[in-house]
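So the structure is just underneath, and the comments pick up after that.
Below, chains carry the letters A, B, ... as their sequence lines are ordered, and counting in each starts from 1. On a predicted model such as this, the values are computed, not experimentally measured, just so you know.
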Amino acid sequence: MAKPGWSCNSVQMTDALLRDAIAKALKRAQRQGELPAFDIPEIPVERPKQAEMGDWATPVCMQLARLARMAPIKIAEAMVKRLPELSFISRVQVAPPGFVNFALDEGWLCRQVETILAEGERFGLADVGQGQRMQVEYVSANPTGPLHMGSARNAVLGDALANVLSNAGYRVQREYYVNDAGSRMRAFQETLLARYRQALGHEAQVPEDGYHGPYMVELGAELAQRCGTSLLEMPADQALLEIGRLGVAQVVDGARSDLAAMGIVYDLWFSEQTLYDQGQFEAIMSILRQGGHLDLHDGAVWFKATALGGEKDEVVVRSDGTPGYFASDIAYHYNKFSERGFDRVIDVWGADHQGHVPRMRYMMQALGLDPRRLGIILYQLVTLKRGGEVVRLSKRTGDMITLREVLDEVGADAMRYFLLSRSADSQMEFDIDLAKEQSDENPVYYIQYAHARICSILRHAGDAPHKDGDVMLLTHPAEQGLIRQMLRLPEVVRLAAEQLAPHHLTYYAYDLAAAFHAFYRDCRVVSSEAEEQDLTLARLKLVDAARLVLRRTLRIMGMSAPEVM
RNA sequence: GCCCCAGUAGCUCAGCGGAUAGAGCAGCUGCCUUCUAAGCAGCUGGCCCCAGGUUCGAUUCCUGGCUGGGGCGCCA
């Protein structure tokens, strides 16, 4: 049984109840000999394209035609005759070539306004996760400089997904993996030490594979100011570690504040270095060694992925004795699953990491973990444009656009909506100039404007006692259309959670706003006519519920719900 | 060469094997004396990349092409 906090409301169960009813009706028809014997399949229920067709439809009779050796229409008629009474359905129709269409009952729809208000902030919860513990790890950019725009899509996807999952019945932890170990870190330390020395007037050379952007010059100067010459007096190795520690702390603080400006706050910032400091890397190596998954040749330690079906083996420890990126990730994921006990883990990576996916799956297998517990969202890279020209993104040459820079220009809400509104599988173009210029025409304002309009109506109505409103008066097509859209939220949350695809929310939010704007056009809410006072109260109640649903939707996307625009 | 993702309206993109394929932007036409015109209504715009296959039914699934992006490091 689901926990009370995640219990299904009546709203989202209509399709499930419908499936049951259809299966029951088919069985009855079989028992009474009107349909031949066959196994009842999973009943598909979908939303018809045309509004006149109703709210739900099933094409199941077409699928059954072959099994039953009957015309789909005949099957449909036999099924419909035996359909149990359903309180939320008022009309059932058979349509060629064999669809059965269902329309929701008007009165039932009206009553859902009460249901939504009663559920309050819990409206929209779906029960996919059943309380499972899930971790979402996202962004996790190397702490070698400010976050650039390449990480923005990662941030938006990961954060919205975490929101979706926690609304879908998972207990979610948000985590940022700080890559403060490894060869890139070494290059960072060397670059920073050189810039620090230069700031103090000493000769120093930034290494070839170091970070050549102006950011490191600033950071070096800042640390020179803060630490004086103290680091010059240390042995080189010690100075590198020390300046690296200070530099990473600074960079991580920057990332934390940039992400916070987008409304993203993590539960944990996990340091890669701790995997080595606390012996977890050693432990995992011995587990793999005992499992016979390691091999030693060419001076390096290899993970035998080919033994598990992989195309090639993978280096874990390089011939110079230093562990690679994969080594850390093995220890890190072992830590996630076995030590911290997450039921499922989602990693959000750019498509340039796709080669890393298969070896992570083999690693799970080697550790005796079900690979399905690790979900990897690979998103296609964003092409950044400015003034119609493609902007190159490279942290090492320093030719880059920071996340903060774009965030300050377009705002957190527009940034989130833009980057969220496409499926992770699709490449997308982000034209900075366009995002700025178009900001007034941006769909994000269309959606937020609906919320602001609602708030304006409620302000205008003052303290009218709309708690007493009679929802059964909400029979206008625009009212019913708005209620229908409001009821979709739990369904959309469930879909987004199952597919790990938060972009569905952006389309839903737009549809919901459109339904409200249409209602606003057709239905005057606050009336001064005495005989319309009851309708006014009923509509205020509807509007109040619409505000709740719109606010919930915006919040799940990580966007604000302004009361005034 | 092999692997991953995409190809749908002028542009950017939705579309859970089903009915007459959608939205935003761009273009054109109307609508503000009462709750916000950042809104509403309408028009224009499509060999769903191509060729086969599976299916009662394919934009959706499979195979093979073509085009674009990404990967195939003892980088991450």
Counter-base of B/rU67, judged by Watson-Crick or G-U geometry with both distances under 3.5 Å:
B/rA6

Determine, stepwise, if the pair A/Phe270 / A/Tyr176 fulfils ring pair (Phe, Tyr, Trp, His ring centres under 6.0 Å).
CA-CA 6 Å; A/Phe270 190 99; A/Tyr176 190 117; over 10 Å; no

Among residues at least two apart in sequence or on other chains, which ones pass salt bridge (Lys or Arg N to Asp or Glu O under 4.0 Å) with A/Lys312?
A/Glu314

Can you tell me which nucleotide in B/rG22, B/rA37, B/rC74 comes closest to the side chain of A/Gln50?
B/rG22

The Watson-Crick or G-U wobble partner of B/rG57, with both key distances under 3.5 Å, is none

Once you apply the 3.5 Å cut-off to both distances, tell me the Watson-Crick or G-U wobble partner of B/rA41, or none.
B/rU29

Does any nucleotide pair with B/rU34 by Watson-Crick or G-U wobble geometry, both distances under 3.5 Å, and what is it?
none

Any side-chain N or O of A/Thr383 less than 4.0 Å from the OP1 or OP2 oxygen of B/rG69?
no

Choose from B/rA19, B/rC35, B/rA6 the nucleotide whose nearest atom is closest to any side-chain atom of A/Asp425.
B/rA6

Is B/rC61 in the syn or the anti form, by the rule that syn lies within 90° of 0?
anti

Which residues satisfy the side chain to side chain contact (heavy atoms under 4.5 Å, CB included) test with A/Arg459, sequence neighbours excluded?
A/Cys455, A/Ser456, A/Glu563, A/Val564

N/O contacts under 3.5 Å, protein versus nucleotides 41-44 of chain B?
from, atom 1, to, atom 2, distance (Å)
B/rA41, OP1, A/Arg521, NH1, 2.9
B/rA41, O5', A/Arg521, NH1, 3.4

B/rA14 versus B/rG1 - spacing of their P atoms, nearest Å
29 Å

Go through the structure and list residues passing salt bridge (Lys or Arg N to Asp or Glu O under 4.0 Å) with A/Asp511, not counting sequence neighbours.
A/Arg488

Among residues two or more places apart or on two chains, list those pairs meeting salt bridge (Lys or Arg N to Asp or Glu O under 4.0 Å) that have a residue in residues 523-540 of chain A.
A/Glu479-A/Arg539

Output every pair passing side chain to side chain donor-acceptor pair (under 3.5 Å) with a member in residues 323-336 of chain A, not counting sequence neighbours, ordered by first then second residue.
A/Gln135-A/Lys336, A/Glu137-A/Lys336, A/Glu175-A/Tyr332, A/Glu272-A/Ser328, A/Tyr276-A/Ser328, A/Gln280-A/Asn335, A/Asp329-A/His356, A/His333-A/Asp347, A/Asn335-A/Arg340, A/Lys336-A/Asp347

